[in-house]
**Q** 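Next up is a structure, given as structure tokens.
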Amino acid sequence: MAVISSFGEVDGQPVIDRDTCTHCGSCAETCPTGVLTMSGDSVLVDVAVTFGCIACGQCMMACPTGSVSVTGRRLSPDQLVELPEPARRASADQLEALFLARRSVRRFRPDDVPAAVVDRVVAAAATAPMGIPPWEVGVIVFRGRPKVRELARDVAHTYAGLLKWMDNRAVMGLLRAFAKRSTYDQFRSFILPLGRDIVAARRSGQDKVLYDAPAALLFHTSPYADGADAFIACTYAMLAAESLGLGSTMIGCAAPPLARRRDLLRKYGVPDRSKPAIVLILGYPVATYVRGIRRPFLAVEDFQDRARRR
Ligand SMILES: Cc1cc2nc3c(=O)[nH]c(=O)nc-3n(C[C@H](O)[C@H](O)[C@H](O)COP(=O)(O)O)c2cc1C
């Protein structure tokens, strides 16, 4: 049995080159589903185990002699790349410095983002983990202000339409009576004021959706994606952008209105049945930040301590 994806229920197909395999067991050690196991000094392959080979490719990446190849589920051995030397990988200090310096940037210099830089951000984002391979996330790239402005205008128009029927006492009364309290509160305190702000800004020629950014990435997900996949990919893109001297902001307010508009999904090329999840705006920042911030999580507790206190 294979895990379903947008192209059906297909298994990955691991093949071991028995002539070069040294029986070290690395492939079996890294296989998350138990498709590859060791029996004595031989590697057994059984794609009928649990939900079969998900084509994560870990066996290919761990095999010291390159004796494993996996195909299927959009994976192929030619996607493998050589790893940079450990000394060329970011240290914990470097990574933390990058994290601390990143801010959500909403004012951009006039310069465009070169196509190669945008492509590099997208390629870096594609190295992110996903719930189950292969990627069920797609990216639509908006290069240049005219394209980004068009998307921002479409989102603002959609908010204007939403406000026409929602922004009154009767509809909000119904929401209060029948929706969950948290949904009502979110509409009252955030979505309606946000919509009003976006629409009013639009009328005065401002873009409060995509902040007149020179580039944007729209991440969309198929029905088979884990809900977190697009957000994780977007986070990777954001950090990659930071490392390339770009500023970025994740824009959550664009996807929900877009998802309601079939005409816009078609216009922008979101595949059938896929849904917009999140937008990342990109550009060279105007501001220079001289401080970072360490915000505490809502709670960080040591589980054992907590159990002891009870
Ligand atoms: C999932 C998500 C959605 C967001 N949506 C928006 C948005 O629609 N508009 C916006 O201006 N900022 C948006 N942001 C940016 C946050 O407001 C920002 O991360 C937060 O204010 C903290 O600022 P910092 O990123 O500079 O630390 C979003 C961030 C995340 C993670």
Side-chain angles (χ1 to χ4, degrees), residues 1-17 25-38 43-64 66-83 89 119-141 217-241 250 252 255-256 258-259 265 268-280:
M1 196 176 75
V3 180
I4 192 156
S5 64
S6 53
F7 51 82
E9 288 179 51
V10 184
D11 267 317
Q13 296 297 332
V15 174
I16 314 285
D17 183 336
S26 303
C27 56
E29 252 164 34
T30 54
C31 177
T33 56
V35 163
L36 300 181
T37 51
M38 291 303 287
V43 184
L44 299 184
V45 181
D46 181 3
V47 291
V49 164
T50 56
F51 41 74
C53 172
I54 58 171
C56 66
Q58 290 220 9
C59 48
M60 286 199 286
M61 293 181 251
C63 177
S67 303
V68 189
S69 59
V70 186
T71 51
R73 297 180 68 82
R74 291 203 212 112
L75 181 69
S76 97
D78 42 279
Q79 292 163 359
L80 293 175
V81 292
E82 291 304 316
L83 278 179
R89 300 177 202 169
D119 292 345
R120 195 159 177 198
V121 169
V122 175
T127 65
M130 71 293 289
I132 302 264
W135 274 118
E136 292 287 334
V137 170
V139 185
I140 298 169
V141 183
L217 305 176
L218 165 61
F219 293 82
H220 56 79
T221 52
S222 93
Y224 300 107
D226 187 295
D229 285 353
F231 294 88
I232 296 172
C234 188
T235 306
Y236 267 50
M238 190 178 213
L239 294 170
M250 275 195 210
L258 282 176
L265 298 182
Y268 290 115
V270 177
D272 279 352
R273 304 210 297 144
S274 286
K275 272 192 176 172
I278 186 85
V279 173
L280 186 71

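From a predicted model like this one, the values you see are computed outputs, not experimental measurements.
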**Q** For residues Met61 and Leu80, determine if any side-chain heavy atom of one lies less than 4.5 Å from a side-chain heavy atom of the other.
**A** yes
**Q** To the nearest 0.5 Å, what is the distance between CG on Leu265 and CG on Leu258?
**A** 7.0 Å
**Q** Sequence neighbours excluded, which residues qualify as side chain to side chain contact (heavy atoms under 4.5 Å, CB included) partners of Met250?
**A** Cys234, Thr235, Met238, Ile278, Leu280
**Q** Check whether any side-chain heavy atom of Ile232 sits under 4.5 Å from a side-chain heavy atom of Pro129, and report yes or no.
**A** yes
**Q** Pair Val279, Phe219 - check side-chain contact (heavy atoms from CB on, under 4.5 Å), show working.
**A** CA-CA 6 Å; Val279 173; Phe219 293 82; over 6 Å; no
**Q** Evaluate the side-chain contact (heavy atoms from CB on, under 4.5 Å) criterion for residues Met38 and Val43: first the C-alpha distance (whole Å), next the side-chain angles of each, then the deciding distance (0.1 Å), finally the verdict.
**A** CA-CA 5 Å; Met38 291 303 287; Val43 184; 3.7 Å; yes
**Q** With a 4.5 Å heavy-atom cut-off, do Val70 and Cys59 have their side chains touching?
**A** yes
**Q** Taking only residues two or more places apart in sequence or in another chain, which ones pass side chain to side chain contact (heavy atoms under 4.5 Å, CB included) with Glu29?
**A** none
**Q** Side chain to side chain donor-acceptor pair (under 3.5 Å): which pairs involve residues 219-228, sequence neighbours left out?
**A** Glu136-Ser222
**Q** Residues in side chain to side chain contact (heavy atoms under 4.5 Å, CB included) with Thr37, at least two apart?
**A** Leu44
**Q** Side chains of Thr33 and Cys31, heavy atoms from C-beta outward: is any pair under 4.5 Å?
**A** yes
**Q** Applying side chain to side chain donor-acceptor pair (under 3.5 Å), can you list everything that pairs with Thr30, at least two apart in sequence or on another chain?
**A** none
**Q** Any side-chain heavy atom of Pro276 sitting closer than 4.5 Å to one from Tyr268?
**A** no
**Q** Taking the side chain as C-beta and beyond, is there a heavy-atom pair between Val270 and Ile140 under 4.5 Å?
**A** yes
**Q** Using the side chain to side chain contact (heavy atoms under 4.5 Å, CB included) criterion, which residues pair with Cys56? Sequence neighbours excluded.
**A** Pro32, Ile54, Gln58, Pro133
**Q** Determine whether a donor-acceptor pair (N or O, by modelled atom type, separation under 3.5 Å) exists between the side chain of Asp46 and the backbone of Val35.
**A** no
**Q** Identify the heavy atoms of Ala62 and Ser26 that sit nearest to each other, and give their distance.
**A** O-CB, 3.8 Å
**Q** Does some side-chain heavy atom of Met60 sit less than 4.5 Å from a side-chain heavy atom of Leu75?
**A** yes
**Q** Is a donor on one side and an acceptor on the other found under 3.5 Å between the side chain of Trp135 and the backbone of Ala126?
**A** yes
**Q** Within the structure provided, determine whether Val47 and Pro14 are in side-chain contact (heavy-atom separation under 4.5 Å).
**A** yes
**Q** Sequence neighbours excluded, which residues qualify as side chain to side chain donor-acceptor pair (under 3.5 Å) partners of Ser67?
**A** Thr20, Thr65
**Q** Sequence neighbours left out, what passes ring-ring contact (aromatic ring centres under 6.0 Å, His included) with Tyr236? Give chain and number order.
**A** none
**Q** What side chain to side chain donor-acceptor pair (under 3.5 Å) pairs are there with at least one residue in residues 69-80, not counting sequence neighbours?
**A** Ser6-Arg74, Ser76-Asp78
**Q** Excluding sequence neighbours, so at least two apart, what forms side chain to side chain donor-acceptor pair (under 3.5 Å) with Asp17?
**A** none
